[in-house]
Amino acid sequence: MRKSVFFTMLFFSLMPNGVFAQEANEGSVGALITDRPTQTYSSFVVPKGAFQIESGIGYSRAAFSNSIANVVNLPEDYASENFTLNFLQLRYGLSDNVELRLAQNVYFNRIKFDGDVINRSDVQFAPTWIGAKFNILNEDGFVPQTSFLAEYVTDVFDEDMGQDLLNLRLNFSNTLSEKLTLGYGLGGFVPTKNGPFYLEYSVVGSYAFQPNWGAFLELFGTLRNDWVNTHNVDMGITYLVNNNLQLDAYTGFDLTNNLGEIDFIFGLGFSTRILKK
């Protein structure tokens, strides 16, 4: 069934972030700021000399309604499920304005028909993401905190990828109040050989409803001319265990239900940071 939901509100992007620092002067850099668990990349870079680990597990499902199944020649009640066993992102602060990044997923898929599993893939590595994030502007009044992300997505382990991609993003955030922050981003994937470039957008609001607890609501989607556009929403919570360790949980769903696009996601994760002595 097609969902029509209108979102004109955006609040939350302040995720009380934390850091597990056995070695660090925590007060000098403040609380940890993470990219996860939202689709919107943080506009901040990791502090100079800091090493940050962001990891989690996830589940997503793409189900086909009866009418859509007929169009794409699939059986009714067909669904594809993806289980991320470990999403691992490593970030290192090279300078006050540049961080280095490496990301790698481990996952498996399975196909269900009429509720029964009819096929299951082996556990495998997803494409590898290597890149950097650059601080461009610090927040000043209406001027948002701004950064630029550039990553190379390649098939170090994934031989079925087809071609390498460039992931290019502009990331922004504005502090709306002591507890409320707005984050937003625009970018997309550029094929290194051929194929269409398509835009991805995201807008997230975060609200710190307790000193160590935060909540977020996010709208994100993909705009492209060779396939259907997609629009999704997700929401979740974060818990700051201490200034260097953050836990998170999130869920979300598709607003468009176009040709079996992902219609449900769920995940759990943690982020930790080791600061320079």
Side-chain angles (χ1 to χ4, degrees), residues 1-17 32-44 54-63 79-89 103 105 107 109 126 129 149 167 169-174 176 179-189 198-209 213-224 228-240 246-271:
M1 177 184 297
R2 187 182 183 87
K3 309 177 187 77
S4 54
V5 181
F6 222 55
F7 286 95
T8 46
M9 71 236 218
L10 331 143
F11 28 40
F12 326 89
S13 180
L14 134 96
M15 264 146 256
N17 297 327
L32 150 85
I33 296 177
T34 65
D35 283 345
R36 65 166 300 118
T38 66
Q39 304 299 313
T40 305
Y41 291 88
S42 165
S43 59
F44 293 89
E54 302 179 14
S55 183
I57 58 175
Y59 166 82
S60 65
R61 180 189 67 213
S80 173
E81 296 178 313
N82 178 279
F83 296 83
T84 300
L85 304 179
N86 182 30
F87 171 78
L88 179 63
Q89 179 166 266
N105 289 7
Y107 73 99
N109 295 319
W129 304 52
L149 174 70
N167 179 33
R169 313 272 168 162
L170 280 169
N171 317 293
F172 311 93
S173 65
N174 291 93
L176 304 183
K179 295 185 176 184
L180 190 62
T181 309
L182 177 69
Y184 43 105
L186 183 67
F189 293 99
Y198 56 90
L199 289 175
E200 294 189 339
Y201 72 90
S202 61
V203 184
V204 60
S206 298
Y207 182 70
F209 58 90
W213 288 91
F216 71 86
L217 176 66
E218 181 178 38
L219 177 68
F220 62 97
T222 301
L223 307 175
R224 52 194 297 176
V228 294
N229 295 334
T230 61
H231 307 284
N232 309 270
V233 65
D234 65 1
M235 62 210 71
I237 58 173
T238 59
Y239 176 64
L240 188 66
Q246 175 183 285
L247 307 179
D248 64 67
Y250 65 90
T251 188
F253 54 87
D254 170 42
L255 297 176
T256 48
N257 199 23
N258 283 321
L259 295 177
E261 294 295 334
I262 291 173
D263 64 353
F264 177 74
I265 59 174
F266 173 78
L268 301 170
F270 76 93
S271 301

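What's counted below: heavy atoms across the whole structure, side chains too, no hydrogens, waters or symmetry copies. Keep in mind that this is a model prediction, so the values were computed, not measured.
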Inter-residue atom distance I237.CD1 - L247.CG, 0.5 Å rounding: 9.5 Å
Test side chain to side chain donor-acceptor pair (under 3.5 Å) applied to N86 and S55, step by step: CA-CA 7 Å; N86 182 30; S55 183; 2.6 Å; yes
Which atom of N167 lies closest to which atom of Y41, heavy atoms considered: ND2-OH, 3.2 Å
Spatial distance of atom CZ (F87) from atom CD1 (I57) [nearest 0.5 Å]: 13.5 Å
Considering all heavy atoms, the nearest M235-F253 contact: CE-CE2, 4.1 Å
Chi angles and distances behind the side-chain contact (heavy atoms from CB on, under 4.5 Å) call for F220, V204: CA-CA 8 Å; F220 62 97; V204 60; over 6 Å; no
T238 side, atom OG1; D248 side, atom CG - distance, nearest 0.5 Å: 7.5 Å
Qualifying residues under side chain to side chain contact (heavy atoms under 4.5 Å, CB included), relative to F209, sequence neighbours excluded: Y207, W213, A215
Least distance between heavy atoms, F216 atom then A249 atom: CE2-O, 4.5 Å
Check: N174 side chain, L182 main-chain N or O, donor-acceptor pair, under 3.5 Å: no
Short side-chain to backbone donor-acceptor contact, Q39 and S202, under 3.5 Å: no
Heavy-atom closest contact (S42 atom, I33 atom, distance): OG-CG2, 3.3 Å
Residue that, paired with T34, satisfies side-chain hydrogen bond (donor to acceptor under 3.5 Å, both in side chains) out of Q89, E54, Q246: Q246
Aromatic plane relationship, W129 with F189 - under 30° parallel, 30 to 60° tilted, over 60° perpendicular: perpendicular
Any side-chain donor near an acceptor of the partner, T38 and D234, under 3.5 Å: no
Partner set under side chain to side chain contact (heavy atoms under 4.5 Å, CB included) for E81, not counting sequence neighbours: Y59, R61, F83, R110, K112
Heavy-atom pair with the smallest gap, counting every atom of F270 and R36: O-CD, 3.9 Å
CD-OG1 distance between E200 and T40, expressed to the nearest 0.5 angstrom: 11.0 Å
Straight-line distance of D254 CG to T230 OG1, nearest 0.5 Å: 7.0 Å
Heavy-atom pair of closest approach, residues Y250 and P37: CD2-CB, 3.5 Å
Atom pair CG (L255) and CG (N229), whose distance is rounded to the nearest 0.5 Å: 13.0 Å
Listed partners of F266 passing side chain to side chain contact (heavy atoms under 4.5 Å, CB included), at least two apart: T251, F264, L268
Stepwise side-chain contact (heavy atoms from CB on, under 4.5 Å) test for L149 and N171: CA-CA 8 Å; L149 174 70; N171 317 293; 3.8 Å; yes
N/O donor-acceptor pair under 3.5 Å between N82 side chain and N109 backbone: no
